Structures are given as structure tokens and as C-alpha cells.
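Structure record follows, encoded as C-alpha cells.
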Amino acid sequence: MTVPVALPTAQTFARAAAAIEQGQLIGFPTETVYGLGADAGNDRAVARLYAAKGRPRFNPLIVHLPDAGHAARFGRFDRLAMALAEAFWPGALTLVVPRRADCGLSDLVSAGHPTVALRVPDHGVALALLEACGRPLAAPSANPSGRLSPTRADAVAEAFAPGTVALVIDGGATRLGLESTIIGLLDGGPPLLLRPGGIPRAALEAVAGPLTDPGARDRDGMALAPGRLASHYAPRALLRLNATTVAPDEALLAFGPTAPAGGRMTLNLSASGDTTEAAANLFAMLRILDRSGAGRIAVMPIPARGLGEAIIDRLSRAAAPREG
Ligand code: TXA
Ligand code: MG
């Protein structure tokens, strides 16, 4: 037995909505990566989500909504938050805003923080699922905690034991391939870049002005970016960054037109040097190179332009020393 995968038909959405109503978990595509969704108002369902991922309980979840009109029920939006939502939703932007006391969301979603992370995804399947179940969906990336995020339905189905996930809706490969950018807007302070992601910094700064890196703690001493563990997104193989050569026993993750020869296997994120193309290929190519059996993956330097900032962020976490 494996986790079932189904194409996005009317029957599939009805089945998925019934499962969500029963507090079960559904894998579904968004424009960034696949999410593992649960009813954000159901404590038991959200607890099941943490358990299925092996996710630390201090790491809060993003709540997915069908449109921006719903967002004000859950969080408090100041003018800047409204301007960002207007400019980028639906899309790969998550806004962390003060949580409304009467929002009806499970406390587990915020993991004890006085804030909530909200996003309206730009994907027909995700929006149809939200519509079909009529509930806000808490949805982390559909990978076991600390591992590569999935960009295809089969990667989700393979990552979880039968019975933990009711169904994965197959919407093909995700368009952006990297998680959303997360911006924190708290108590009129400057906009904080909590995670670089699918929308480049320059596009966001054109609306929000300069983005600030989060200080470690907020007023109450809570971590502002609780999910930013040093080691994350890790393949099994070790990573060697900024490589300009490749050893015979290494696999090579190349970028640009001049990849060095040698190595067990080479995949090129973007032969033309396009960071958007590279972002879309990142997790899928890391997965393939990891399966080549190489103990180490050499990764060529990636420029910080466009989505390069987010790619470098994921690679440096994937390369970080691991616990245990
Ligand atoms: O593109 C995405 O964002 C995907 C798709 C499925 O929407 N989701 C995703 O979820 O990447 P996840 O759980 O893998 O990452 C959510 C991040 C974590 O780093 C978490 O710490 C942060 O969002 N987060 C959630 N709520 C937060 C809050 N209240 N304050 C600060 N960070 C928060
Ligand atoms: Mg994740």
C-alpha cells in the first residue's frame, strides 16, 4: 500500500474535502511547492500535521486562504500589509501579521506566537481545494521536517507512510519550485524579510520599501523566524558550495554555460544562467543527484540576482552541519 495519488477531477475535490472535514491530511500543489493541508481550525488535524512531518512544535504553519477578502478575519492588516496583499496575492508571498483573538484558528497553527502567517496561493488546484472544503488550510511544505521540499506529487506520496496522508492531488510539477517569500509586518515596525522565496526582493521592495533582516527576537523574546533552522532542505548527500571543479566521485549541480567536466553525474540548474529557471529545477535536481549514489554534491556558485537570493538561502541550509 502507498499513499493514493489522484488527478484533480470534481470527484477528487469532493473526496479531498470530505477528508479535510474528517481532520485528515491532503497533499496538494501550489505554484511554489506541494503543501500538506489540514483544516486550520481543527486542533486534532493540525496536531496530526505536526506528527506526520516530524515538525518541531515551536515552528508555526502558514494558513492558506482562497482570496485576500478572507484574510482580515484572521489577522490585522495595516496599510503596508494591505498594499502587499493587493500587489502580490494570489501569489508566492506569505504575510505574518498580528493574529486576531477571535480568528477561530487552532492555537497550534501559530505555535504560541501572537501572529499568524497567511497566503493566497496562485494555483488552480489549490484554489479549487480551498473552495471545495470551505476551510482555511494550514499547509507546510509536504516533506518530512528538514528534508527537500517536494515539487511533484510522487515525491509527496513517497515521503509519507500509507495512512498518514489521505490523498495527494496531482497537479504536475510546480511552476516556481521554491517556497513563498515570507514578510513579517508587526506593530508598525519595518517590514521584515523572514524567508527569501518565490518573489524576488526587488519586486517586494518596489511596493514595501527596504526589507529588514529580522533581529533574533521580538519584544516578548519569541524567535521572529522560528522556522529558520540552520540545517534544512537537506538531501542525504553532503553539499559542497561554490564549487568550480568536480571530483570523480562527486555529482555536480551546475549553473550557467561553463560547467566543469568530470564527476559521476551532472545536472544544470540553468545553462543560460536564468535564476528563475534554476529555482524551478533546484529541489527536483537535488533529489535526482542524491539518488545517483554520490556521497557529495558539488554546487557551482549562484548569483544573488532575482531568485538567486532564495536559492542561495536553501543551498546554504542544505549544506549546514546536521544534528544527529
Ligand atoms: O510556499 C510555501 O510557503 C509553501 C506552500 C505549501 O504554501 N509552504 C511552506 O510551509 O513553505 P513551511 O511550513 O515549509 O514553511 C513555513 C514557514 C516556516 O519557516 C515557519 O517558521 C514560518 O513559515 N512561519 C509560519 N508562521 C509564522 C509566524 N507566525 N511567524 C514567523 N514565521 C512563521
Ligand atoms: Mg518547509
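All values reported here derive from a predicted model rather than from experimental measurement. Numbering of ligands and ligand atoms starts at 1, following listing order.
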Exercise. Tell me which one of Val109, Val96, Leu178, Ile62 gets a heavy atom nearest to atom 30 (N) of ligand 1.
Key: Val96

Quiz item: Is it true that the side chains of Glu179 and Ser141 contain a donor and an acceptor less than 3.5 Å apart?
Solution: no

Exercise. Pull out every atom of ligand 1 sitting under 4.0 Å from any heavy atom of Ala117, numbered as shown with elements.
Key: 25 (C), 26 (N), 27 (C)

Quiz item: Asn59 heavy atoms, cut-off 4.0 Å: which ligand 1 atoms fall inside?
Solution: 18 (C), 20 (C), 21 (O)

Exercise. Just jot down the ligand 1 atoms closer than 4.0 angstrom to any heavy atom of Thr32, in number order.
Key: 1 (O), 2 (C), 4 (C), 5 (C)

Self-check item: Audit row: Arg264, Ser292, side-chain hydrogen bond (donor to acceptor under 3.5 Å, both in side chains) steps and yes/no
Solution: CA-CA 8 Å; Arg264 288 171 74 112; Ser292 73; 4.6 Å; no

Quiz item: Can you find an N/O atom of Arg119 closer than 3.5 Å to an N/O atom of ligand 1?
Solution: yes

Exercise. Would you indicate whether the side-chain heavy atoms of Arg240 and Thr245 approach each other to under 4.5 Å?
Key: yes

Quiz item: Which residues and atoms, counting only protein N, O or S, are under 2.8 Å from the Mg ion (ligand 2)?
Solution: Ser141 OG

Practice problem: Mark up the atoms of ligand 1 that fall under 4.0 Å of a heavy atom belonging to Pro140, in ascending order. | Solution: 10 (O), 12 (P), 13 (O)

Quiz item: Val3 and side-chain contact (heavy atoms from CB on, under 4.5 Å): which partner among Leu167, Asp154, Val165?
Solution: Val165

Quiz item: Looking only at side chains, do Thr151 and Thr174 share a donor and an acceptor under 3.5 Å apart?
Solution: no

Quiz item: Just which atoms of ligand 1 are under 4.0 Å from any heavy atom in Gly35?
Solution: 6 (C)

Exercise. Give the minimum heavy-atom separation between Arg119 and Gly91, together with the two atoms involved.
Key: NH1-O, 2.9 Å

Practice problem: Pick, from Arg195, His64, Arg55, Glu31, the option with the minimum heavy-atom distance to atom 13 (O) of ligand 1. | Solution: Arg55

Exercise. Give a yes or no on whether a salt bridge exists between Arg175 and Asp122, defined as a side-chain N under 4.0 angstrom from a carboxylate O.
Key: yes

Quiz item: What is the minimum heavy-atom distance between Arg135 and Gly41, and which atoms define it?
Solution: NH2-CA, 3.6 Å

Quiz item: For the atom pair OG (Ser145) and CG (Asn59), what is the distance rounded to the nearest 0.5 Å?
Solution: 7.0 Å

Quiz item: In Å, rounded to the nearest 0.5 Å, how long is the span from CG of Asp107 to CG of Asp43?
Solution: 7.0 Å

Practice problem: Report yes if some N/O of Ser180 lies less than 3.5 Å from some N/O of ligand 1; otherwise report no. | Solution: yes

Quiz item: Of Thr275, Val299, Ile311, which is the lone residue that meets side-chain contact (heavy atoms from CB on, under 4.5 Å) with Phe255?
Solution: Thr275

Exercise. Classify the contact between Thr115 and ligand 1 as side chain, backbone, both or neither, using a heavy-atom distance cut-off of under 4.0 Å.
Key: both

Quiz item: Is it the side chain, the backbone, both or neither of Ala139 that has a heavy atom closer than 4.0 Å to ligand 1?
Solution: backbone

Practice problem: Please state which part of Ile182 comes within less than 4.0 Å of ligand 1, counting heavy atoms only: side chain, backbone, both or neither. | Solution: side chain

Practice problem: Using the six-membered ring of Tyr50, assess whether NZ or CZ of Arg57 lies under 6.0 Å from its centre and within 45 degrees of the ring axis. | Solution: yes

